[in-house]
Amino acid sequence: MHIYDSVQKTKLPFKSIVPHKASIYICGPTVYDDSHLGHARSSLSFDLLARTLKALNYEVIVAKNFTDIDDKIIKKVHETGQSLKELTSHYINVYRQEMRALGVKDADIEPKATESLEAMESMIQGLIDKDIAYVVNSGDVYFDTAKDENYGSISHQVVADEENQSRVEHNTEKRNPKDFALWKACPANEDICFETSFSKGRPGWHLECSAMIEKHFEGTNEYSIDIHGGGADLLFPHHENEAAQSRCATGHELSKYWMHNGFVNINGEKMSKSLGNSFFIKDALKVYDGEVLRNYLISIHYRNDFNFNEEDLLNSKKRLDKLYRLKKRVTPTKSSKPNIPFQKAIMTAMSDDLNISVALATIDEMISNANDKLDENPKDKGLKKETLANIEFLAELLGFGGKEPFSYFQIGIDAVTKNKIESLIIARNEAKKAKDYEKSDAVRDEISAMGISIMDTADGTLWEKL
RNA sequence: GGAGCCAUCGCCAAGUUGGUAAGGCCGUAGAUUGCAAAUCUGCUAUUCACCAGUUCGAGUCUGGUUGGCUCCUCCA
């Protein structure tokens, strides 16, 4: 397995800190709003990573956090009148459902910030004791970046004169403009806050992840985890700060490898909350099946920017349709073992920093070969069994192709419509038998008008929803 | 202002140690079919934004130019 490390900016062979085990931590969502396609892509990217490592016989532990306390959440609590718990658990549940709809496997550990306050407090206290962190009059606790000589080694952002360059207004109590909050004291009129030895307040965003990683992973004396993942926008300052805190708190590096996924753009523009052009997963799922959406979102390498548009989505759906048509041809049958060269080719591609394009090309080739052979010998049982095994292998590794093929082509069709289609097909076949092609074509037009495509095969007339 | 990424056929897109351009969509010719659809086969980039350099040889390395994007502010 080779993965691209964003810190060293090069592809590196993956050597886990404990042999045959891989620990992965992914920065999850802040739960105050619905998730958008960017969250989906990030999740999908690391889902693919975890699945690939599992297929390579690693024992994989994935942790993905929920940031369930921060200013935006507090603001929304006050706006809606809901309790903190009501609000955050709602969005956590929605997130989980949406991720499942996209075929993302649940993380093994899903820590919440509010359930990790002790770990945070002790990490902060430890940094204060070492004089790496300091408490200011307001009660805020800041990290003194000047105390960490490796600060900047993650993102390579060397901000020499940040005070002049930055557009941020700095708290004048900070020792250094680069210093960032580990803990934010709450205003007197704020009741959503937590008591600690240094002040009543809430955790800083960067600190949460560091504390949760230390809480849930054992690590070694070199690293806490193998891979830390997240969106490309988190590299700086979020991951830089995480790394600094952890380095100073534990005496070793936080993560051996850092991976960052690219953005999802809509109309060539970055999708973000502040731009207000978010495409929410819930809205996408109203129009497209979760598996189709997954297949599309993973079809472009995770580090590239992703330009979402319907034409490309339909293109990728066509490839998935072909896979399911092949599955239909080999159903029903019992699977045997996947074809070894095929399996190897897919694993080689995915082991190369998740080279999905090569994997997809390999799948297209497998489909083409299988169809070709089935054209020659439709009753080739051995081929059918192997083909089904190939598809099942893909379903496990890439998370698509696992559905029963006939139902795949009937997604969104209710029983009444289904009956109507089937009776029309019978009517058409009767007309065909009588060689009344004018009538049979008219019936076909009627079926097409319903958005259904039909195809005459040796096994009878099959239909698909377009 | 600082840091960095990207530019390959009409569209999407692969191309780790430089060795002579994967795959999909679309289009097109054919096999098959009552006609379609599906499936299969053939064809479809002397060329990788542009210029210069290194080299026997560069899409791949170096320098520059142009164009697009991101981070430095909550953000996946």
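Every chain is numbered from 1 and lettered A, B, ... according to where its sequence line falls, protein lines coming before strand lines. Since the structure is predicted, the reported quantities are computational estimates derived from the model, not experimental observations.
- Taking atom P in both B:rA21 and B:rA58, the straight-line distance is 13 Å, to the nearest Å.
- For the C1' atoms, the distance linking B:rC50 with B:rC12 amounts to 24 Å, nearest Å.
- Residue A:Asp456 is in base contact, counting any heavy-atom pair closer than 4.0 Å across all strands shown.
- The CG-P distance, from A:Leu297 to B:rC12, rounds to 17 Å in whole Å.
- Nucleotide B:rG15 holds its P atom 7 Å from the NE2 atom of A:His301, rounded to whole Å.
- Here the C1' atom of nucleotide B:rG15 and the CZ atom of A:Arg303 are 13 Å apart, to the nearest Å.
- Of the nucleotides present, none pairs with B:rU20 by Watson-Crick or G-U wobble criteria with both distances under 3.5 Å.
- The aromatic rings of A:Phe342 and A:Phe393 stand perpendicular to each other, their planes meeting at an angle above 60°, with 30° marking the opposite boundary.
- Spacing between atom CG of A:Leu462 and atom P of B:rU33 amounts to 18 Å, rounded to whole angstrom units.
- Side-chain proximity of A:Asp233 to B:rA76, B:rC74, B:rC26: nearest is B:rA76.
- Atom-to-atom, NZ of A:Lys433 to P of B:rG34 comes out at 15 Å; the value is rounded to the nearest Å.
- Set against B:rG24, B:rG34, B:rC40, the side chain of A:Asn315 has B:rG24 as its closest nucleotide.
- The nucleotide B:rU62 finds its pairing partner in B:rA52, both defining distances of the Watson-Crick or G-U wobble pair being shorter than 3.5 Å.
- Set against B:rC25, B:rA76, B:rU41, the side chain of A:Ser368 has B:rU41 as its closest nucleotide.
- With salt bridges taken as basic N to acidic carboxylate O contacts below 4.0 Å, none links A:Asp380 and A:Lys373.
- A straight line from CD1 of A:Ile74 to P of B:rC74 spans 15 Å, rounded to a whole angstrom.
- If you check the side chains of A:Ser357 and A:Asn355, you find no donor sitting under 3.5 Å from an acceptor.
- Ranked by how close their nearest RNA chain B nucleotide is to the 5' end, A:Ser453 and A:Val358 are led by A:Val358.
- For A:Asp179 and A:Lys147, the salt-bridge test fails: no basic side-chain N is under 4.0 Å from an acidic carboxylate O.
- When distances are taken from the side chain of A:Arg444 to each of B:rG23, B:rG2, B:rC35, the shortest belongs to B:rC35.
- Across all strands shown, B:rC26 has no partner, as no Watson-Crick or G-U wobble contact with both distances under 3.5 Å is found.
- Across all strands, A:Lys9 comes closer than 4.0 Å only to sugar-phosphate atoms, never to a base (heavy-atom distances).
- Nucleic acid contact for A:Asn304: sugar-phosphate only, since backbone atoms but no base atoms lie under 4.0 Å from a heavy atom of the residue.
- B:rU66 sits 8 Å from B:rA49 when the C1' atoms are compared, rounded to a whole Å.
- When A:Phe143, A:Tyr142, A:Phe180 are each tested for a ring pair (Phe, Tyr, Trp, His ring centres under 6.0 Å) with A:His206, only one passes: A:Phe180.
- Contact between the side-chain N/O atoms of A:Asn261 and the OP1/OP2 oxygens of B:rA76 is not found at any separation under 4.0 Å.
- Atoms CG (A:Asp352) and C1' (B:rU16) sit 7 Å apart, rounded to a whole Å.
- Straight-line distance between the P atoms of B:rU60 and B:rC51: roughly 13 Å, to the nearest whole Å.
- Closest approach to the A:Ile300 side chain among B:rA76, B:rG23, B:rC12 is made by B:rC12 (side chain taken as heavy atoms from C-beta onward).
- Looking at heavy-atom distances under 4.0 Å, A:Lys270 makes contact with a base.
- Distances were taken from every side-chain heavy atom of A:Ala361 (C-beta onward) to each of B:rU39, B:rA22, B:rC71; the shortest belongs to B:rA22.
- A distance of about 45 Å separates the P atoms of B:rA52 and B:rC40, rounded to the whole Å.
- Residue A:Gly38 is in base contact, counting any heavy-atom pair closer than 4.0 Å across all strands shown.
- In this model, no donor atom of one side chain and acceptor atom of the other lie less than 3.5 Å apart for A:Tyr95 and A:Glu110.
- Relative to the side chain of A:Ser357, the nucleotides B:rC40, B:rA22, B:rA76 differ in distance, and B:rA22 lies closest.
- Looking at the side chain of A:Arg319, the nearest of the listed nucleotides B:rA13, B:rG23, B:rA36 is B:rG23.
- Nearest approach of A:Pro111 to A:Met212, heavy atoms of both residues: CB-SD, 3.4 Å.
- B:rU39 is paired with B:rA31 under the criterion used here, namely a Watson-Crick or G-U wobble arrangement in which both key atom distances are under 3.5 Å.
- Partners of A:Pro187 under the side-chain contact (heavy atoms from CB on, under 4.5 Å) rule, at least two apart in sequence or in another chain, are A:Asn189, A:Glu190.
- Within 4.0 Å (heavy atoms only), A:Arg41 reaches no atom of the nucleic acid at all.
- Nucleic acid contact for A:Asp441: base, since at least one base atom lies under 4.0 Å from a heavy atom of the residue.
- B:rG59 sits 30 Å from B:rA3 when the P atoms are compared, rounded to a whole Å.
- Nearest to the side-chain atoms of A:Pro237 among the listed nucleotides B:rC72, B:rC40, B:rG15 stands B:rC72.
- Place A:Lys11 and A:Gly262 on RNA chain B by their nearest nucleotides, and A:Lys11 ends up nearer the 5' end.
- In this structure, the CG atom of A:Leu234 is 16 Å from the P atom of B:rU70, given to the nearest Å.
- A:Asn371 and A:Arg329 are linked by a side-chain donor-acceptor pair at a separation below 3.5 angstrom, with hydrogens and angles left out of the test.
- Between A:Lys317 and B:rG24 there is no side-chain polar atom (N or O) within less than 4.0 angstrom of OP1 or OP2.
- Here the separation of B:rC5 from B:rU47, taken at their C1' atoms, is 25 Å to the nearest Å.
- When distances run from any side-chain atom of A:Ser42 to the nucleotides B:rA14, B:rA36, B:rA76, the shortest one goes to B:rA76.
- Base pairing of B:rU70 is made with B:rA3, judged by Watson-Crick or G-U wobble geometry with both donor-acceptor distances under 3.5 Å.
- Here, B:rC56 and B:rC72 have their P atoms 46 Å apart, quoted to the whole Å.
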